[in-house]
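First the structure, in the form of structure tokens, and then the observations on it.
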Amino acid sequence: MRASQKDLENAVNQMKLLKKDPGNEVKLKLYALYKQATEGPCNMPKPGIYDLIRKAKWEAWNTLGNLPKETARQNYVDLVSSLCSSSESSSQGKPGADREQLRYETLVVTSEDGITKIMLNRPSKKNAVNLQMYQEIVLALKAASQDDSTITVLTGNGDYYSSGNDLTNFTNTSPGEIQEKAKNSLILVREFVGCFIDFPKPLIAVVNGPAVGIAVTLLGLFDIVYASDRATFHTPFSRLGLHPEGCSSYTFPKIMGPTKATEMLIFGKKLTAEEACAQGLVTEVFPDRTFQKEVWTRLKAYAKLPSNVLRISKQVIRNREKEKLHSVNVEENSVLQGTVLSDEAVNAVMNFLSKRAKL
Ligand SMILES: CCC/C=C/C(=O)SCCNC(=O)CCNC(=O)[C@H](O)C(C)(C)COP(=O)([O-])OP(=O)([O-])OC[C@H]1O[C@@H](n2cnc3c(N)ncnc32)[C@H](O)[C@@H]1OP(=O)([O-])[O-]
């Protein structure tokens, strides 16, 4: 249901009761959304360069462009409601606790200290990416691209970062439906990869353990990759009757050179974290015992840098590649459309299911 004018007024009153100061960045966002919701696009003349407060307000409002009044109203109400629920949860004896958005089934998404953390949360399946998780990651990335955080982190819960595509995604499907299901699933995978290509803020992988398949290939689209020394990097596509995806057919040869990329992507050579670091896929490796502490200390410091500056620098570094990456994504995906139901691919899944062939 869309927020009404009354909801907006209630939200304004709720804000007055908020005990904790939400900080300047959030206050500017609220100001801008309120102005947009009540007056429409920014109509005030640009203040002079030294009129800092009015300039910040003008910029916040002007950034909303032609956002419709109704959307701004809804965003204002949602933002106030998330601020109130986080202040409620912290006043319930959990000071500093993460703000958790409970709508995800396969992820735990929290936002704190300028960092949105998207944690894959199917530890009993080694964080295999099922169709639900693909969809939820798309949603979480879209939300993170618009929230107040400075950086976004993807990590895994449990001993694995991720075992890659869930090999049971197409099982339990009747023979008549399998073609259609495979086609739609791959369209979803293409959209999923596209979200990584377009993600506007610094995106950091905290690779807490082994990574397989699409969880590895996507790393070429991250801005930083930190790995525990327990992590391994494995893309067993040929054995599965599959082919490189996640833009790795383009990013891996660029990162590590064509022959190293071939050894991984075609021959399925599994890399240790140190090897992946030496080949440029991983930024830095940490001992597992101090991994979480060291990485999060560093990320919290990075997240204090000015978010708009980081965003623009990322654009400068990445934008000229975007068009190419999208075309690679489309091409890789269409190759998979042709092979995902091949005899080799189906047999590999059957082997996995019958536990006869562990990789
Ligand atoms: C988009 C198309 C392109 C493809 C891209 C790719 O990513 S290709 C790459 C695709 N990925 C692969 O080929 C990796 C396939 N997986 C493996 O080779 C091994 O499971 C392992 C080496 C990851 C872990 O071995 P381990 O002996 O330490 O542990 P364990 O084996 O006992 O597993 C524990 C539980 O997790 C379950 N589960 C795990 N992974 C998956 C999965 N991907 N799917 C579904 N389920 C999975 C497993 O069934 C078991 O569940 P159960 O029976 O308890 O209900």
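These values consider heavy atoms only, across backbone and side chains, with no hydrogens, waters or symmetry-generated copies. Order of appearance sets the numbers: ligands from 1, and atoms from 1 within every ligand.
Among the atoms of Gly213, none of the N or O lies under 3.5 angstrom from an N or O of ligand 1. Polar contact check, Thr168 against ligand 1: no nitrogen or oxygen pair lies under 3.5 Å apart.
Only the side chain of Leu240 comes within 4.0 Å of ligand 1, counting heavy atoms alone; its backbone N, CA, C and O stay farther away.
Closest heavy-atom approach to atom 28 (O) of ligand 1 among the candidates Glu245, Lys126, Glu332, Lys125: Lys126. Nearest residue to atom 12 (C) of ligand 1 from Pro244, Ser163, Gly164 is Ser163 (criterion: closest heavy atom). With atom 43 (N) of ligand 1 as the reference point, the heavy atom nearest to it among Asn165, Leu218, Asn130 is part of Asn165.
A salt bridge between Glu321 and Lys254 is present, with a side-chain N of the basic residue lying under 4.0 Å from a carboxylate O of the acidic one. At a threshold of 4.0 Å, the pair Asp159-Arg230 does not count as salt-bridged, since none of the basic side-chain nitrogens sits closer than that to a carboxylate oxygen.
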Let's go through Ser228 and Asn208 carefully: what are the C-alpha distance in whole Å and the side-chain angles of both, what is the deciding distance for side chain to side chain donor-acceptor pair (under 3.5 Å) to 0.1 Å, and is it a yes or a no? CA-CA 5 Å; Ser228 149; Asn208 53 298; over 6 Å; no

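At least one heavy atom of Ser124 sits closer than 4.0 Å to an atom of ligand 1.
Of the listed residues (Arg311, Lys201, Arg318), just one forms a salt bridge (charged side-chain N to carboxylate O under 4.0 Å, His left out) with Asp223, and that residue is Arg318.
Residues Phe196 and Phe222 bring their aromatic ring centres within 6.0 Å.
By the neighbour-count criterion of 12 heavy atoms within 6.0 Å, atom NZ of Lys324 is sparsely surrounded, having that number or fewer from other residues, nucleotides or ligands.
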